[in-house]
Asks: 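Take a look at this one; I'll ask things after.
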Protein chains: 2
Amino acid sequence: MSKHDQVDKYPSMTIGDNENNKRAVEKSTIGVQLKAIRTENKWTLEEASKRTGLARSTLSKIENEQISPTFSVMQKLASGLNIELPQLFTKPKETKVTGRRDVTLDGQGRPHATLTYEHELLATQLRNKKMMPYKSRVHARNFEHFGEWVRHEGEEFLLVLEGEVQLLTEFYEPATLVVGDSAYYDATMGHLVISTSKEDALILWITAE
Amino acid sequence: MSKHDQVDKYPSMTIGDNENNKRAVEKSTIGVQLKAIRTENKWTLEEASKRTGLARSTLSKIENEQISPTFSVMQKLASGLNIELPQLFTKPKETKVTGRRDVTLDGQGRPHATLTYEHELLATQLRNKKMMPYKSRVHARNFEHFGEWVRHEGEEFLLVLEGEVQLLTEFYEPATLVVGDSAYYDATMGHLVISTSKEDALILWITAE
DNA sequence: GAAAAAAGTTTCCTATAGGAAACTTTTATT
DNA sequence: AATAAAAGTTTCCTATAGGAAACTTTTTTC
């Protein structure tokens, strides 16, 4: 009986618990969430049971973290209780008391120069902003200055503050913009701005993802 | 031979499938998702197994929709494969071919007047934007013109284009801004802008939620 | 404040999830 | 093409989830 070969896969192997697996996963809270949702709606387990088609006992056990529900049960919960699935394991977004403000005086932003632009980043005091505003002096005079389309996630808005520029975009004809003109476009589409005035143009950009 | 004996549990029962349960739930696709993620990363079941600490067979069964994984298993999947939980049941956001663009020439936006401001809405051709840009002529000269703080969801950025204004915010001292100055703040905080120059001031606003 | 009703928990059992190993299919390798 | 190796599936068993009903706790009602 020489079955020496496949007898022991994983002789003393670490079936994957140590080497990798960043076990920093915060504890599930799915039970807590469920209970919160149910009580907020003033539902009894019985009512929740009727709504979801799950047994009263099952719901109780889930709420008390005695069992880990299967995905199909989670779907019944979401559907029956009229909530989105992620609500079951995402703790309610703490309606943070927001009162942030950051004033940037003209020319006082954080400089950031490239070959083609000279950016002045605005509102750099605030982290985790929804928008990234900056003013840029446009050095580029033609497409070749770039060589490639600029392309990134999100959407972009720009307003011309000084001079005249051309907004080149992948799927459109170039647009000539003068002071006061603005444009809004998907930044995933190739795009770039070149100056068509004698002096460098000045524009305001804002991106949001 | 034993497998066939107990084949039909649930003789013809529908354990709770009829009465309630709005079954408009799209079929799970969790298996499909998992397989997609795994193959995209060129992982074998064996590798995925090592990463997640789950058995090869379990992964196979999940991928083939033979079982509905428990939440704890889903957590191991997310953690081990370095993905966010919702990725497991949210079909990959169709990287929509975005190529929208809207140019608004100076003064050509959609007008919208109030007692205190004269707004010019920009980029009105695009729906579902992440940002709402507009230019506003500021009539207001003092707080009383408003009577109340302006307050709404999201964040706001403003840049002074002409004149001089004061930015009044609930939790800060008033800030005096001249042409080129800008400010970024949480719009949930009471805020408003008044002109402090002889003429009406002109500012650019952008809000994002 | 005792009895009844309702809400919630635990028990006990069955159905199903998850793991180890056998088996099958696919992919290299010669 | 035959063989070996790797990847994937299925089987079989154990652990656990989920349901029905008994039980306990809380709330209501008289």
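All heavy atoms count here, side chains included; hydrogens, waters and symmetry mates do not. Residue numbering restarts at 1 for every chain, and letters A, B, ... go by the order of the sequence lines.
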Asks: Starting from C1' on C:dA17, measure out to CG on B:Leu54 and report it in whole angstrom.
Replies: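 After rounding, the reported distance stands at 11 Å.
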Asks: Specify the separation, in whole Å, of atom NZ of A:Lys42 and atom C1' of D:dT27.
Replies: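 In whole Å, D:dT27 C1' lies 16 Å from A:Lys42 NZ.
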Asks: Partners of A:Tyr172 by ring-ring contact (aromatic ring centres under 6.0 Å, His included), sequence neighbours excluded?
Replies: none
Asks: Enumerate, atom names and distances included, each donor-acceptor pair closer than 3.5 Å involving a side-chain atom of residues 201-209 of chain A, sequence neighbours excluded.
Replies:
residue	atom	partner	partner atom	Å
A:Trp205	NE1	A:Ser136	OG	2.9

Asks: Find the distance B:Met74:CE to C:dA17:P and express it as a whole number of Å.
Replies: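 It works out to 14 Å between those atoms.
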Asks: Output all residues satisfying salt bridge (charged side-chain N to carboxylate O under 4.0 Å, His left out) with B:Glu63, sequence neighbours left out; order by chain, then residue number.
Replies: B:Arg38
Asks: Using five base pairs at each end, measure the axis-to-axis angle across the helix from C:dG1-D:dC30 to C:dT30-D:dA1 and round it to 10 degrees.
Replies: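 The value is 30°.
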Asks: Report the residues that fulfil salt bridge (charged side-chain N to carboxylate O under 4.0 Å, His left out) with B:Glu156, sequence neighbours left out, ordered by chain and then residue number.
Replies: none
Asks: Please state whether the phosphate of C:dG18, meaning OP1 or OP2, lies under 4.0 angstrom from any side-chain nitrogen or oxygen of B:Thr70.
Replies: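 So the side-chain polar atoms of B:Thr70 do come within 4.0 Å of the phosphate oxygens OP1 or OP2 of C:dG18, strictly under.
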Asks: If I take atom CD1 in residue B:Ile67 and atom C1' in nucleotide D:dG18, what distance separates them, rounded to the nearest angstrom?
Replies: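 Checked: the CD1 to C1' distance equals 16 Å.
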Asks: Check whether B:Thr114 reaches the backbone of B:Tyr117 with its side chain - one donor and one acceptor, N or O, closer than 3.5 Å.
Replies: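 The answer is yes, because a donor-acceptor pair under 3.5 Å joins these two groups.
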Asks: Between the protein and nucleotides 4-10 of chain C, which nitrogen or oxygen pairs are less than 3.5 angstrom apart?
Replies:
residue	atom	partner	partner atom	Å
C:dG8	OP1	A:Arg38	NH1	3.4
C:dG8	OP2	A:Arg38	NH1	3.4
C:dG8	OP2	A:Leu45	N	2.9
C:dG8	O6	A:Arg56	NH2	3.3
C:dT9	OP2	A:Ser60	OG	3.1
C:dT10	OP2	A:Gln66	NE2	3.1

Asks: Under the salt bridge (charged side-chain N to carboxylate O under 4.0 Å, His left out) definition, can you give me all pairs with a residue in residues 168-177 of chain A, not counting sequence neighbours?
Replies: A:Arg151-A:Glu170
Asks: Not counting sequence neighbours, which residues clear ring-ring contact (aromatic ring centres under 6.0 Å, His included) with B:Trp43? List them please.
Replies: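 Checked B:Trp43 against ring-ring contact (aromatic ring centres under 6.0 Å, His included); zero matches.
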Asks: Can you run down the salt bridge (charged side-chain N to carboxylate O under 4.0 Å, His left out) pairs that involve residues 116-126 of chain A, sequence neighbours left out, and say none if there aren't any?
Replies: none
